[in-house]
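One structure is given here, and the rest of the page talks about it.
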Amino acid sequence: MAMFALADCKNFYVSSERLFRPELHGVPVVVLSNNDGCAVSRSDEAKALGVKMGQPYFQLLDLVERQGLIACSSNYALYADLSGRVMRTLSTMAPRIEVYSIDEAFLDLQGIQGDLEQLGREMRSRVLREVGIPVGVGIAPTKTLAKLANWAAKKWPATGGVVDLRDPARQRRLLALAEVGEVWGIGRKISARLNVMGITTALQLADFDRKTLRSMFNVNVERTARELAGELFFALEDGPEPKQMIACTRSFGERKHTLQELQEAVTGYATRAGEKLRGQRQLCQALQVFIRSSPFDQRGEAYSRATCVPLPFPSADTRDLVAAALGGLQAIYRPGPDYAKAGVILMDFVESGRFTQDLFAPTPRPGSERLMAAVDAINAKQGRGTIKPARLAADQGFSMKRERLSPRFTTSWGELLQVKC
DNA sequence: TCTGGGGTCCTAGGACCC
DNA sequence: TCTGGGGTCCTAGGACCC
């Protein structure tokens, strides 16, 4: 019988900040998104104050002043580093692991003898001891149930952070306690429609007629219901599949207006996207570039345009990507709007070095692969942006608002250790 | 004044073909 | 001029996730 554990880091970004700032323990803390835009991670105390996921920072200022809420700018280099440590520790405790996101992983427990709940407790204590991050663990025969078990482990402290949901009777008791919107794969829209149909708990979804679910929603809602009932549909996935699209998009710290400003931004996004693309050893055949004003701006005109630019030949060369992106930008740019965001999305990937050569197609750049490999190596060693397109402004990448960044933090693990010692 | 970024999957509908 | 059904492929948009 299949058996999964879902290990999930508790309030991951906040826990990461607390690791190096003990004074943040026991007080309400949030970590903000890029540009200090909104709260993306909340401590239990912040949740108790009513801070919502994704809530804009400007709406939290009152809590900052009156309730002592502390807001930190995000430090993704730090979180990525800690995530790697958590995952390495977890991977020693099960034969197979699927890293599902920066802060959670499914572990394959099939065939493991002994007390699985005890194993879950060991996962918790080892990650806490070796990395310092608290995790919750849910154990169940399907991924969807393991997710729900993990939700229960977080919700009820008396569980000690581990919930074993192997027993079917226990499954049904928990399903009856969970609102249908808590189920993995059931979001806001679908749970609202389910509620109208009289389905408010996870148990009601698990028991509902499959055909109706499929016809009224889609195949995934049906599968989710069957997974809640113990039928296996979602398997553990090995190694990360190469991405099917790579996006690099940002909101601007301040509104932009001129073509030149947008060219600088788009050049930066195309450059970064190219690095990611080469990281998965693929070439892309098209890219999309978009620019838009803020949907929240009341004044000024709303403007949002995107265009898809095919590349003359499959490429991962920064020069080709930047040229295509700038060409697309030229086509959709118009002076006037207050531009708030832009992005570049790469798509239509093919394996590097394995695409069919069209005799009449333009010739790819000779030596491109070696040049880009050298650029990537230098940037990896000396820091991102050491070598970059000339169009990029010197401060590219740092135009982001990060006013709440802890001054002691660096993105270098070695220096962090020195700070701590 | 101030509202994130990066993904995946599914479906509906149109174009096109036989 | 009128009439049909089915298959495939593509795209845009919606919904979800963290």
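Convention: sequence-line order gives letters A, B, ...; per-chain numbering from 1. Quick caveat: nothing in here was measured; it's all calculated off a predicted structure.
In this structure, A/Thr249 reaches the B/dG6 phosphate: one of its side-chain N or O atoms is under 4.0 Å from OP1 or OP2. For A/Ser251, a side-chain nitrogen or oxygen approaches OP1 or OP2 of B/dG5 to under 4.0 Å. Residue A/Lys147 has a polar side-chain atom (N or O) positioned under 4.0 Å from OP1 or OP2 of C/dC18. For A/Gln244, a side-chain nitrogen or oxygen approaches OP1 or OP2 of B/dC9 to under 4.0 Å. Note on A/Lys276: a side-chain N or O is less than 4.0 Å away from OP1 or OP2 of B/dG7.
One can place CZ of A/Phe12 at 20 Å from P of B/dG5, the figure rounded to the nearest angstrom. A/Arg193 places its CZ atom 12 Å from the C1' atom of B/dT11, with the value rounded to the nearest Å. The CD-C1' distance, from A/Glu254 to B/dC2, rounds to 12 Å in whole Å. Here B/dC9 presents its C1' atom at 16 Å from CZ of A/Phe233, a figure rounded to the nearest Å. Atom P of nucleotide B/dG5 and atom CZ of A/Arg272 are separated by 14 Å, given to the nearest angstrom. C/dA15 atom P lies 8 Å from atom CD1 of A/Ile190, rounded to whole Å. Look at CG on A/Asp103: it is 12 Å from C1' on C/dC17, rounded to the nearest Å. Taking atom CZ of A/Phe234 as the reference point, atom P of B/dT8 lies 16 Å away to the nearest angstrom.
At a threshold of 4.0 angstrom between heavy atoms, the contacts of A/Leu61 with the nucleic acid are absent. A/Gln55 comes within 4.0 angstrom of nothing in the nucleic acid, heavy atoms only. Within 4.0 Å (heavy atoms only), A/Asp36 reaches no atom of the nucleic acid at all. When heavy atoms are screened at a 4.0 angstrom cut-off, A/Leu32 is found touching no nucleic acid atom at all.
Annotation: the span from A/Gln260 atom CD to A/Tyr333 atom OH amounts to 10.5 Å, rounded to 0.5 Å. Between the CH2 atom of A/Trp156 and the CG atom of A/Leu177 there is a distance of 5.0 Å, given to the nearest 0.5 Å.
Comment: A/Arg170 does not engage A/Asp164 in a salt bridge, judged by the lack of any side-chain N to carboxylate O separation of less than 4.0 angstrom. For the pair A/Arg126 and A/Glu130, the salt-bridge criterion is met [side-chain N within less than 4.0 Å of a carboxylate O].
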CA sep, side-chain torsions, deciding dist, call: A/Thr318, A/Arg278, side chain to side chain donor-acceptor pair (under 3.5 Å): CA-CA 10 Å; A/Thr318 297; A/Arg278 295 192 292 275; 3.2 Å; yes
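Looking at A/Arg210, its side chain never comes within 3.5 Å of a backbone N or O of A/Glu222 through a donor-acceptor pair. Side-chain N or O atoms of A/Ser83 include none that pairs as donor or acceptor with a backbone N or O of A/Tyr79 at under 3.5 Å.
Considering only side-chain atoms of A/Asn35, the nucleotide from B/dG5, C/dC18, B/dG6 that sits closest is B/dG5. For A/Phe296, whose side chain is taken as the heavy atoms from C-beta onward, the closest listed nucleotide among C/dC16, C/dC17, B/dG4 is B/dG4. Comparing C/dC17, B/dG7, B/dG5 by their closest approach to the side chain of A/Met245 singles out B/dG7.
Nucleotides of DNA chain B nearest to A/Asp297 and A/Lys341 differ in position, and the one nearer the 5' end is that of A/Asp297. Two residues, A/Lys243 and A/Ser294, neighbour DNA chain B, and the one matched to the more 5' nucleotide by heavy-atom proximity is A/Ser294.
Proximity of residues 212-223 of chain A to DNA chain B (heavy atom under 4.0 angstrom from any strand atom) is restricted to A/Asn218, A/Val219, A/Asn220, A/Arg223.
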Please tabulate, for side-chain N and O atoms in residues 338-348 of chain A, each donor-acceptor pair with protein atoms closer than 3.5 Å (sequence neighbours left out).
unit_1: A/Asp338; atom_1: OD1; unit_2: A/His257; atom_2: NE2; d: 2.8
unit_1: A/Tyr339; atom_1: OH; unit_2: A/Arg334; atom_2: N; d: 3.4
unit_1: A/Tyr339; atom_1: OH; unit_2: A/Arg334; atom_2: O; d: 2.6

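Side-chain contact, A/Asn11 with A/Ser43: no donor N or O sits under 3.5 Å from an acceptor N or O.
Stem analysis of DNA chain B (Watson-Crick or G-U pairs, both distances under 3.5 Å, runs of at least three) returns B:5-18 with C:5-18.
Among A/Glu182, A/Glu227, A/Glu104, the one residue that satisfies the side chain to side chain donor-acceptor pair (under 3.5 Å) test with A/Lys147 is A/Glu104.
Taking the six-membered ring where the residue is Trp, A/Tyr100 and A/Phe106 present perpendicular rings, their angle passing 60° and hence far from 30°.
Here, B/dC2 and C/dC18 have their C1' atoms 24 Å apart, quoted to the whole Å.
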